[in-house]
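All chains are named by letter (A, B, ...) in the order of the sequence lines, taking the proteins before the strands, and each is independently numbered beginning at 1. Here the structure is a predicted model, which is why all the values come from computation and not from measurement.
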There are 2 protein chains.
Amino acid sequence: MEKEITIYDIARELDLSPTTISRALNDHPAVNQKTKQRISDAAAQMGYRSNMFASNLRKQRTNTIGLIVPRLDSPFHSAVIAGIEKVANEEGYNLIISQSLETIQKEVANARTMFDSRVDGLLVSLSFETENLDHFERFFNKGIPVIFYDRVAEHRNCTSIVIDNLQAAYKATSHLIEQGCTNIVHITGNLKRNVYADRLKGYKYALIDHDLPFTENNVITGQMTEEAGKLAAEQILAMDPLPDGIFVSNDTCAVSCLKTLKQAGVSIPKDMAVIGFNNDLTSRVVEPNLTTINYPGQEMGEVAVKVLLMQINGSSEGIPSNTINLRSDLIIRESSLKSKATTKKKSVAT
Amino acid sequence: MEKEITIYDIARELDLSPTTISRALNDHPAVNQKTKQRISDAAAQMGYRSNMFASNLRKQRTNTIGLIVPRLDSPFHSAVIAGIEKVANEEGYNLIISQSLETIQKEVANARTMFDSRVDGLLVSLSFETENLDHFERFFNKGIPVIFYDRVAEHRNCTSIVIDNLQAAYKATSHLIEQGCTNIVHITGNLKRNVYADRLKGYKYALIDHDLPFTENNVITGQMTEEAGKLAAEQILAMDPLPDGIFVSNDTCAVSCLKTLKQAGVSIPKDMAVIGFNNDLTSRVVEPNLTTINYPGQEMGEVAVKVLLMQINGSSEGIPSNTINLRSDLIIRESSLKSKATTKKKSVAT
DNA sequence: ATAGACTCTGAAACCGATTTCATACATTTG
DNA sequence: CAAATGTATGAAATCGGTTTCAGAGTCTAT
């Protein structure tokens, strides 16, 4: 186990050329079956392992995909990463991960590192601050596939993986309206990001379609953190009249908001019905249990890698699709049920 | 941006040898300062980027560290990974991540991939199933540093990063006893893993030191998942007499157990006081809020990488320490307060 | 003045796999 | 039977940095 075995050692051992060894190990058709078997056996017996660097250097390919996420310590992104790792691993690809911590500066630096690491493809979920895609230009120029998921941006030759945020928000808001809410507040994140912009639209269209007025004053934007939920609750408590429904763009924030409202003596859902987004564990823990949108994180990760690998291997010819929509569900729990209807599950996207 | 620039291109441009270019870019002392500056300027201007594969191939070093975790979608491991990524990134190291999904079979496969990827060092938190360290032998043999964190195992030349699980569990259990509990159940995970074995010991010693009997029947082992918490609660409800305190080895499981007990009509903390472990978000959401051990995940990740990098760079000579203990705190909340003491924070480890 | 030390630069070998081009031999076809 | 086709293998160039060894030029000390 001391010295590394190379194809030259195997070649010497079997009295063949390195060329043939290389071809045999790559299952090249121009090598005799019996020879292949001999070589394969010898390689295993000698404890040979391919040197990826020599191989990559020559092939100009790395078998590595890069991933840039806003935060690693988020339930949603953890689920996505778990899905990504699973598929990448199965397909024999390495995964390099880095986080932007929601800043454009780190996102740019990460993109550069990924580029220098010569990843074969890149998966990205954008930071709050990102305004444009200049830092990915080099990838586009070199034809390295880039796929955006969840927090996406439009680009001529990039595929995006999302859920139908507009429709999900529309259903959530409509559900509140059906429960009798007429004055609904929406708490959401940075509207530069499609996920929040689309949810706002869904909220707005639902109001309009049900002949309820839409007003900017009922939209609170923030960081969507635990802290932000608390602040939003305080803002809500200062409203006059008080709203009777709240639709929040993520569960962490929704739960913290709900808790703060409760502490202030608001009865949920009687005084105010609340809906979150993501179906995190906390949505099932908080009391009352939180109505929310089930967001298929793991599946989103798996799909993203699969599509990326197809693009890397050039086998995505027939599939021009620029945006892939995953299904999401409205999960109705106590926090939104003003009427005593039985809990049910509604499917809202394609 | 089409063709890649190499040091040969720069050499030709400046009428120097590739040798000098290489040395200059690596800040080798034997190159004149002015020459270095010229080269550095030209490199920047020409858009040069080093080819890591050529470099790695020659240097037999990869600037990459590997990470094997049980699950990527766990709040604790997410925090650790965030810490690891932060430091690794700052120090210019790439990170390759894979998950064992708690199986020995995947852990072995992951270790092999990491080895073939020639990582410079490896960080590992063991799976439930792992019995021995045979799959890391090749790393030991080649002198590639391996560091275990959280779920660790003893090995002559491996450093471990942990918290003092025994002491934390001892304090948690003692706190329950101080609150008047005399019949305490302990819910924990696979006792092959140090974290669970040590917590069991801490629980046991606390009982003994307070002259309370220890009995196997009060120890429930399981998968520590949401589901496992529910099952444990059912098992507890079938006990006669019912216990008056429960110490659970993680928050997810504790919360689910607490919820199930509440639904069955048990009053928390009056009938049963409950303590968890980890200080996950859910511990602050559940009602009553869960007393728990604060577990410094992010810090653990940061320390683990720092120590690993010291070992990689051979600068850890003076530091023989084989185990590094991080501080943890008992965070007292409502779920354990039978008496109406004010909430306080106790520090329990060094 | 000259050996010895010091500073800076370059030629060429090297890391280990892949790939192009050539070739030797066997087999098939007209 | 000669030409064409197919099969199996190898020599050598290549990917792009790094490193060893040698050497040229400059400076210090005896």
>> Just the rounded figure in Å: distance from C1' of dG6(D) to CD of Gln33(A).
In response: 17 Å
>> Expressed as a whole number of angstroms, how long is the span from Asn51(A):CG to dG17(D):P?
In response: 17 Å
>> Assess the residue pair Val195(B) and Val152(B) against the criterion (side-chain contact (heavy atoms from CB on, under 4.5 Å)); give the C-alpha distance rounded to whole Å, side-chain angles, the decisive distance to 0.1 Å, and a yes or no.
In response: CA-CA 8 Å; Val195(B) 287; Val152(B) 306; over 6 Å; no
>> Please report the distance, rounded to the nearest Å, between NE2 in His28(A) and C1' in dC21(C).
In response: 13 Å
> How close or far is atom P of dG17(D) from atom CG of Asn56(B), stated in whole angstroms?
Replying inline: 12 Å
> Between Arg71(B) and Glu102(B), is there a side-chain N and carboxylate O pair less than 4.0 Å apart?
Replying inline: no
> For Ser55(B), which contact category applies under a 4.0 Å heavy-atom criterion: base, sugar-phosphate, or nothing?
Replying inline: sugar-phosphate
> Ser22(A) side chain: which of dG10(C), dA12(D), dA17(C) is closest?
Replying inline: dA17(C)
> Within the structure shown, what part of the strands sits under 4.0 Å from Leu16(A) by heavy-atom distance: base, sugar-phosphate, or nothing?
Replying inline: sugar-phosphate
>> Rounding to an integer number of Å, can you tell me how far Ile7(A) CD1 sits from dC15(C) P?
In response: 13 Å
> Roughly, in whole Å, what's the span from CD1 in Ile21(A) to C1' in dG16(C)?
Replying inline: 13 Å
> Taking CZ from Arg23(A) and C1' from dT18(C), how many angstroms apart are they, rounded to a whole number?
Replying inline: 9 Å
> Does Glu4(A) come within less than 4.0 Å of Arg118(B), counting only side-chain N to carboxylate O?
Replying inline: yes
>> Below the 4.0 Å mark, does dT18(C) have OP1 or OP2 next to a side-chain nitrogen or oxygen of Gln60(A)?
In response: no
> Is the shortest side-chain N/O distance from Thr19(B) to OP1 or OP2 of dT9(C) below 4.0 Å?
Replying inline: no
> Do any side-chain nitrogens or oxygens of Ser17(A) fall under 4.0 Å of OP1 or OP2 in dG10(D)?
Replying inline: yes
> Taking for each residue the nucleotide of DNA chain C bearing the nearest heavy atom, is the 5' side occupied by Leu57(B) or by Asn32(B)?
Replying inline: Asn32(B)
> If you measure from the Lys or Arg side-chain nitrogens to the Asp or Glu carboxylate oxygens, is any gap between Lys306(B) and Glu90(B) under 4.0 Å?
Replying inline: no
>> Quick check on dT9(C): is either OP1 or OP2 less than 4.0 Å from any side-chain nitrogen or oxygen of Thr35(B)?
In response: yes
> When the distance from CZ of Arg58(A) to P of dT19(C) is rounded to whole Å, what number comes out?
Replying inline: 6 Å
> Base, sugar-phosphate, or nothing for Thr6(B), non-hydrogen atoms under 4.0 angstrom?
Replying inline: sugar-phosphate
> For Glu137(A), does the CD atom sit with more than 12 other heavy atoms under 6.0 Å from it, leaving out its own atoms?
Replying inline: yes
> Choosing from dT19(D), dG17(D), dT9(D), which nucleotide comes nearest the side chain of Ala30(A)?
Replying inline: dT9(D)
>> Can you see if the side chain of Thr20(A) gets near the phosphate of dG10(D) - specifically, an N or O under 4.0 Å from OP1 or OP2?
In response: yes
>> At 4.0 Å (heavy atoms only), tell me whether Asn26(A) reaches a base, stays on the sugar-phosphate, or touches nothing.
In response: sugar-phosphate
> What does Tyr8(B) touch in the nucleic acid at a heavy-atom separation under 4.0 angstrom: a base, only the sugar-phosphate, or nothing?
Replying inline: base
> Considering residues, nucleotides and ligands other than Arg112(B), do more than 12 of their heavy atoms fall under 6.0 Å from its CZ?
Replying inline: no
